[in-house]
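Letters go in sequence order (proteins before strands), and every chain restarts at 1. Worth saying up front: this structure is predicted, and the values here are computed from it rather than measured.
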2 protein chains.
Amino acid sequence: MGKKKRAWRSGCPLNASVEILGDRWSLLIIRDMMLRGATTFKDFLEGFERIATNVLADRLKRLEQFGVIEKRMDTRDGRKTNYKLTQKGIDLAPVLTEMVLWAAEHEDTENPELVAMMKKDRKGFEAGIREEWERGRGKATMR
Amino acid sequence: MGKKKRAWRSGCPLNASVEILGDRWSLLIIRDMMLRGATTFKDFLEGFERIATNVLADRLKRLEQFGVIEKRMDTRDGRKTNYKLTQKGIDLAPVLTEMVLWAAEHEDTENPELVAMMKKDRKGFEAGIREEWERGRGKATMR
DNA sequence: CAGGATCCGTTTCGATACTG
DNA sequence: CAGTATCGAAACGGATCCTG
């Protein structure tokens, strides 16, 4: 079938971001990796209010294709797969921070501790995420 | 606990942002208002690669309901309606900037002048947007 | 003509059942 | 555990039509 690709990426660089992140789940997946250290399919399923398994599988595949995350088989347990943020993925931390701060300013939101931490020491907060990521396997629950 | 069908807004404040902005068009509409001074239905139609009119109408309605934009009738020309960013809307400028910079860093993007300007003087860039917006408040058209 | 609303075929989503 | 398969529901895109 003729798959006519739309010219999403033309014009402003924002288009690329929207193409990659412009849906209901992608950013939430990335958030769960950054803040909760989610790495497995099951982690994500439990983290959300029921994302459908097929949609999750599709989003993970997409994010991998875009180079935002990478997939690795667990060397010990073949049943487990580990999803990890790439450099490109971890670089989304500032985007996430801005979105959270915006929502906190203008919407009724939960988790005021997280927001307070971001506001108080934003750079430190982002540095912490990056550090955690560099340690690789860290499963710290920052939430 | 009474679990709603989709508790989008529970948990991290990011959920609210994703609910409001997590689709293919909303952020692009906001970008066109910020960067191009788009205010009319027609402006948006021309700005994109053919967004369907029903989808555009729906997104404008949604954004208005969320308080991100507001709709006003043109006092001079009754045929025209003007869409303007609210304070809440203009406060999205940092989110936009981060997304553009992220894409510029990791994707092939166009409009390097814009990116360069953002990088060089980010705060100034955002201040310029805000200033433009304040000048446009109350006026019928911005350009 | 500007700003939509309506109809309609196509695509994607969401929920659940099922499988390696 | 980590996904597919399936199917009805919702959203999308395009064209057209309507209204002031």
Problem set entry | Side chain Thr81(B) and base dA2(C) donor-acceptor under 3.5 Å |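 No.
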Exercise. Do Asn54(A) and dG3(D) have a side chain to base donor-acceptor pair shorter than 3.5 Å?
Worked result: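 Such a pair does not exist between side chain and base.
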Atom [atom1] of [X] to atom [atom2] of [N]: distance rounded to whole Å?
X	N	atom1	atom2	answer
Tyr83(B)	dG3(C)	OH	P	8 Å
Ile51(B)	dA5(C)	CD1	C1'	15 Å
Leu28(B)	dC12(D)	CG	C1'	15 Å
Arg24(A)	dA15(C)	CZ	C1'	16 Å
Arg50(A)	dA17(C)	CZ	C1'	14 Å
Leu45(B)	dG13(D)	CG	P	13 Å
Leu56(A)	dT12(C)	CG	C1'	16 Å
Phe41(B)	dT19(D)	CZ	P	17 Å

Which nucleotide in the list [options] gets nearest to the side chain of [X]?
X	options	answer
Trp25(A)	dC1(D), dA5(C), dG14(C)	dG14(C)
Asp58(A)	dA5(C), dG3(D), dC13(C)	dC13(C)
Thr53(A)	dG4(C), dA17(C), dA5(C)	dA17(C)
Lys80(B)	dT4(D), dC1(D), dA2(C)	dA2(C)

Exercise. If you count the non-hydrogen atoms of other residues, nucleotides and ligands that lie under 6.0 Å from NZ in Lys120(B), is the total more than 12?
Worked result: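 No, not enclosed.
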Exercise. Reckon Lys71(A) has a side-chain N or O less than 4.0 Å from the OP1 or OP2 of dG3(D)?
Worked result: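 Yes.
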Problem set entry | Short N-O contact, Arg59(A) and Asp23(A), less than 4.0 angstrom |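 Judged by the 4.0 Å cut-off on N to carboxylate O distance, Arg59(A) and Asp23(A) do form a salt bridge.
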Exercise. Just by distance, with hydrogens left out, do Glu19(A) and Asn15(A) show a side-chain donor and acceptor under 3.5 Å apart?
Worked result: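 On atom types as modelled, these side chains do not qualify, holding no pair under 3.5 Å.
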Exercise. Parallel, tilted or perpendicular: which describes the rings of Phe44(B) and Phe48(B), with under 30° parallel and over 60° perpendicular?
Worked result: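 It falls in the parallel class, under 30°.
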For this session: Would you mind telling me which residue lines up with the more 5' stretch of DNA chain D, Asp23(B) or Met73(A), judged by nearest nucleotide?
Result: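 It is Met73(A), whose closest nucleotide lies nearer the 5' terminus.
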For this session: Could you grab the distance from atom OG1 of Thr81(A) to atom NZ of Lys42(A), nearest 0.5 Å is fine?
Result: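 Answer for the OG1-NZ pair, Thr81(A) versus Lys42(A), is 12.5 Å.
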